[in-house]
Structures are given as structure tokens and as C-alpha cells.
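Here is the structure we will look at, set down as C-alpha cells.
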Amino acid sequence: MRNEEILNIFYNYIVKEAASGSIDCFMKYNTCFSTIVKEYDIEYLTRIENTELCIPTLKINNVEEFNTLLSMYVQVACKFYSDHDFYEEVLDRSYYQEGKICKEKAVMALLFSNATYEDFANPIRFLLKRIIYFLEKPFFTEKMELGYSELLQGDINVVIEKEKVVNETPYFMQIILKKEEEEYKFPKINFGIFHDEIDVYSICNKEHSINTYSKKINRRLYRVNDGFDATIDNEELFGVGNLKDVTPSFVVATDIFLSILKRLGYEKVNVVSILPIRWNAKYLANVKKSHGNKEIFQEYEKEQLRIQMNLTEKLLRTFNRVIFMREDIDVTYYPLEQGSTLGLKIGKQEFSTHNALFREIELLMDNYFTKGRIK
């Protein structure tokens, strides 16, 4: 598709529909934001009323640069993602001729679902960052075989795979523990590489069956609690900021992820705490599902808040727990101090920990990288 067509879709469909709270891409996305373009004298303010939403505003101050980067992003994204990621109707060009839906429109709608409030205020940097996510090569292209873990009783393998278009980043890291024909998948980590920085958007479990092997591994993973004193860090003292309430598999996956980054020379990591479009989309869906019934809506809202708190706070607690147990990583800023991200700095000092499982992982990592197997 030509750049002129992409910009036509954006200015005549995306921003107008986003102001109404719904973008039609065959499946309607509950995407809601306002748009202000002073140079074009454009001001599409959201028309949604009577909500408690904090709706972001896309502020385009340099139209020429924004248009160039937006067109570039769409072209790169459409080439990166497989057509299998989209509905057949989205790929049917006749829909675009009618001004309705197309692959390019879906890509743009999903793009802004991954923007923070700071990204909406500075869309040039946001678009540049998202383009670089595609252009930067992943850390390695072949499976990383770290070796056998005595404590976990299995071989630790690490792979990087392409993500689906609906998720936050183009790639995710998957850590797998294998023993003979059985395997255990750790939570996957969605990340983006922006020059010398790493942006982490989520850590989430892929669905897998619960069997005898996975139950054994889950029990062994509680070794992450060795050397951790819950009496000096607990909910009574620190509320939701405590480091006790974390899932062991998330902690181990994060430790491996950060250890790999350190050996590859990365020092700065940004952990994104919340994406407003995704939060608002769920809120708007709850409004529709409740059909005006306040009691039903309140139940939906309560559940949404519970899930979001679990996702956001669990993500931050997991990273903070790993930092607490290692002496080579520090927090540079917390969410709301410099935006909506948790900033980390990976130091060059030697690794040190009181936890036996962390030490074993570190030894496996040392052995792997010393032999220069990474490709």
C-alpha cells in the first residue's frame, strides 16, 4: 500500500473512530484516544461521556516526521507479521475500497494499544522505538542450550520466537526445562530492543497441561525462596510492594532473562507498568456487557481491577524480587517518578547471591557464554 493511502486511513478513519471509542477492523477494537494536530487544525476529542477513564491524547507536533515514521512503521509491520495473524476479511482489498477495514488499518489500531501516556505525548519517539523493535535482530537465532540443572532436574533451553500482532512486542523469550520426553515451559517474556535499551512489556504463562512432571518442577522452583527472609519483607510492612507474594516460575524466568542481558552487554532495562488503551478497552467492553445495569458493571469493574493489579504489581514485584536477590542490578527509578516504567540498571560487578538456584543458573550461563556458543 502506498504511503498516501496509509495516511488517508489514519487521518480519515483511525483518529475519528478512536474518538468514538471503537475502531472497525472487522473485529471492532475498543480503542479510545483523542488526537490534536495543530498544523492541520485537527482536533478529534473523545465523544465518550460518563466514564471514569483517563483517556490519552495523541499530540502530533511535527506532522512531516510523524507521517514518515507512521508510514514506515505500517510497511515494516505488515511485512513482519504473517497474514495468518489477521482475519480473512482484513486481507480482502474490497473492504478497503469501501473505506472499512484492511491489514494496514488493523496494524495501526493495534499499534496504539501498546502506547503509554508518555508515548502519546511524544509519538515521534514512540514510532521510532516500535520500528527499531522490528529492525533490531533478536539476541540469538538458534536455541540456547544452557545445560543440565541439578536443582531443577532438567536441561534449560532458551529460544526467541516471533509474537502475534495482537501482543505487545514483535518477539518473546521462552525458557524451557526438558527431561527426556517431558518439558516444562516457563512464563514467556515479551520484550523489545531499542538500540542499547531493553523494554519489557509483560511476563505471562502460556497454557500448558498440568502433569506429574510440571508438578514436580513447580515444587522444585520453590528453591527461589532459599536465602529470602520474608520476615523483613512482607505485606504487613510494605503492602502491595512486598516481595513475598511472587510466583517462583516468574522469578526464575526473569533471572535467566536478566543474566542473558548482562552477558550481551545491555545495562538499561525499562519495565512498562500499564498500557492505558488496553485498560480502557476492557473497561468499555464491561460497559457494553453490563447493558446499563450498574450492579453488573461494578462486578465487572471489580474483577478488571483485580486482574490488572495482579498483572501490573506482579510484574513489578517479580523484577524487584530478582533485584533483591542479586547484587549486580539496581533500580534507577520507580513508576510515576519518570513516567510509567520501572527503570533498571545492570551493573558490571561480579554476580553475588545467597540463593543456590540462582548460583547454579549463573554457573550454567558462565559455561555457555565462555564456550562462545551463542549465535
Side-chain angles (χ1 to χ4, degrees), residues 144-158 173 175-177 179 184 186-187 189 191 198 200 203 205 214-271 313-335 342-371:
M144 179 188 290
E145 299 177 343
L146 292 178
Y148 186 78
S149 166
E150 293 287 348
L151 294 178
L152 297 180
Q153 295 288 292
D155 292 300
I156 300 177
N157 299 323
V158 185
M173 179 179 288
I175 299 160
I176 305 167
L177 188 72
K179 186 175 183 180
Y184 175 95
F186 285 84
I189 301 176
F191 69 93
I198 303 297
V200 178
I203 305 177
N205 265 325
S214 65
K215 289 179 180 178
K216 287 181 180 178
I217 299 306
N218 282 328
R219 287 196 295 269
R220 291 179 183 135
L221 285 172
Y222 276 94
R223 295 294 300 269
V224 298
N225 292 323
D226 295 346
F228 176 73
D229 188 352
T231 63
I232 62 175
D233 189 290
N234 55 55
E235 191 163 0
E236 288 73 21
L237 290 175
F238 300 101
V240 296
N242 82 93
L243 306 182
K244 179 182 177 182
D245 186 19
V246 294
T247 304
S249 60
F250 281 63
V251 174
V252 173
T254 302
D255 176 63
I256 293 173
F257 179 73
L258 292 173
S259 292
I260 291 173
L261 295 186
K262 180 176 180 178
R263 281 164 175 77
L264 294 177
Y266 291 99
E267 296 181 8
K268 187 172 182 180
V269 180
N270 308 301
V271 184
E313 292 171 5
K314 185 174 183 178
L315 177 65
L316 299 178
R317 281 201 306 270
T318 298
F319 274 92
N320 280 321
R321 174 66 177 272
V322 174
I323 294 166
F324 181 85
M325 299 175 68
R326 302 176 57 131
E327 297 183 3
D328 55 344
I329 303 175
D330 295 310
V331 174
T332 52
Y333 50 83
Y334 289 95
L342 171 71
L344 309 179
K345 186 180 189 315
I346 303 176
K348 296 182 179 180
Q349 65 265 42
E350 290 187 11
F351 172 85
S352 177
T353 183
H354 295 294
N355 185 270
L357 181 55
F358 275 31
R359 282 199 300 271
E360 183 188 53
I361 291 172
E362 198 70 11
L363 289 173
L364 291 174
M365 203 78 66
D366 282 341
N367 182 59
Y368 183 89
F369 277 85
T370 299
K371 293 183 177 180

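Everything quoted here is computed from the prediction, not taken from an experiment. Just the heavy atoms: all of them, side chains too, but no hydrogens, waters or symmetry mates, feed the values below.
Across all non-hydrogen atoms, the minimal contact from G154 to Y148 is N-CE1, 3.4 Å. Residues L316 and P335 share a closest heavy-atom pair of CD1-CG, 3.9 Å. Between F186 and A253, the closest heavy-atom pair is CB-CB, 4.1 Å. Scanning all heavy atoms of the two residues, the minimum distance from G347 to K262 falls at O-CE, 3.4 Å. Heavy-atom minimum distance, N205 versus P187: OD1-CG, 3.3 Å.
Distance check: L363 CG to F358 CZ gives 13.5 Å after rounding to the nearest 0.5 Å. Remark: L146 CG to D366 CG distance equals 11.0 Å, nearest 0.5 Å. Taken from CE in M173 to CD1 in I203, the straight-line distance is 11.0 Å, to the nearest 0.5 Å. Considering OG1 of T332 and CG of L344, their distance stands at 6.5 Å, rounded to 0.5 Å. Considering CG of D255 and CG of L357, their distance stands at 7.5 Å, rounded to 0.5 Å. Here M325 contributes atom CE and R359 contributes atom CZ; the two are 10.0 Å apart, rounded to the nearest 0.5 Å.
The number of heavy-atom neighbours closer than 6.0 Å to NZ of K314, taken from other residues, nucleotides and ligands shown, is above 12. Heavy-atom contacts from other residues, nucleotides or ligands closer than 6.0 Å to CD of E350 number 12 or fewer. Counting non-hydrogen atoms of other residues, nucleotides and ligands closer than 6.0 Å to NZ of K215 gives a total of 12 or fewer. Counting heavy-atom neighbours within 6.0 Å of Y334 OH, excluding the residue itself, gives a total of 12 or less.
No donor-acceptor pair closer than 3.5 Å links the side chain of T247 to the backbone N or O of F250. A side-chain donor-acceptor contact under 3.5 Å links T353 to the backbone of N355. The backbone N or O of Q349 lies less than 3.5 Å from no partner atom in the side chain of D328, so there is not a single donor-acceptor pair.
With I156 as the fixed residue, the side-chain contact (heavy atoms from CB on, under 4.5 Å) test singles out one of I256, V252, I176: I256. Checking each of V271, V331, V246 against F319 for a side-chain contact (heavy atoms from CB on, under 4.5 Å) leaves exactly one that passes, namely V271.
With contacts defined as side-chain heavy-atom distances shorter than 4.5 Å, the pair Y266/I260 does not qualify. Contact annotation: the side chain of N320 never approaches that of R317 to less than 4.5 Å [non-hydrogen atoms, C-beta and beyond]. Between T254 and L258, the closest side-chain pair of non-hydrogen atoms falls below 4.5 Å. Side-chain contact between V158 and F257: absent, with no pair of heavy atoms (C-beta onward) separated by less than 4.5 Å. K179 has its side chain out of reach of K216: every pair of non-hydrogen atoms, C-beta onward, lies at least 4.5 Å apart. At a threshold of 4.5 Å between non-hydrogen side-chain atoms, the residues Y184 and L221 count as touching. Using a 4.5 Å heavy-atom cutoff, the side chains of R223 and E360 are not in contact. Within the 4.5 Å cutoff, the side chain of F369 has heavy atoms near those of the L264 side chain.
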Show the numbers, then the answer: is there a side chain to side chain contact (heavy atoms under 4.5 Å, CB included) between N225 and R321? CA-CA 10 Å; N225 292 323; R321 174 66 177 272; 2.8 Å; yes
Let me see the working for E150 and R220 under salt bridge (charged side-chain N to carboxylate O under 4.0 Å, His left out), right down to the final yes or no. CA-CA 10 Å; E150 293 287 348; R220 291 179 183 135; over 6 Å; no
Applying side chain to side chain contact (heavy atoms under 4.5 Å, CB included), run through Y333 and N270 and close with a yes or a no. CA-CA 10 Å; Y333 50 83; N270 308 301; 3.1 Å; yes
Full working for side chain to side chain contact (heavy atoms under 4.5 Å, CB included) between F351 and E327: CA-CA 7 Å; F351 172 85; E327 297 183 3; over 6 Å; no
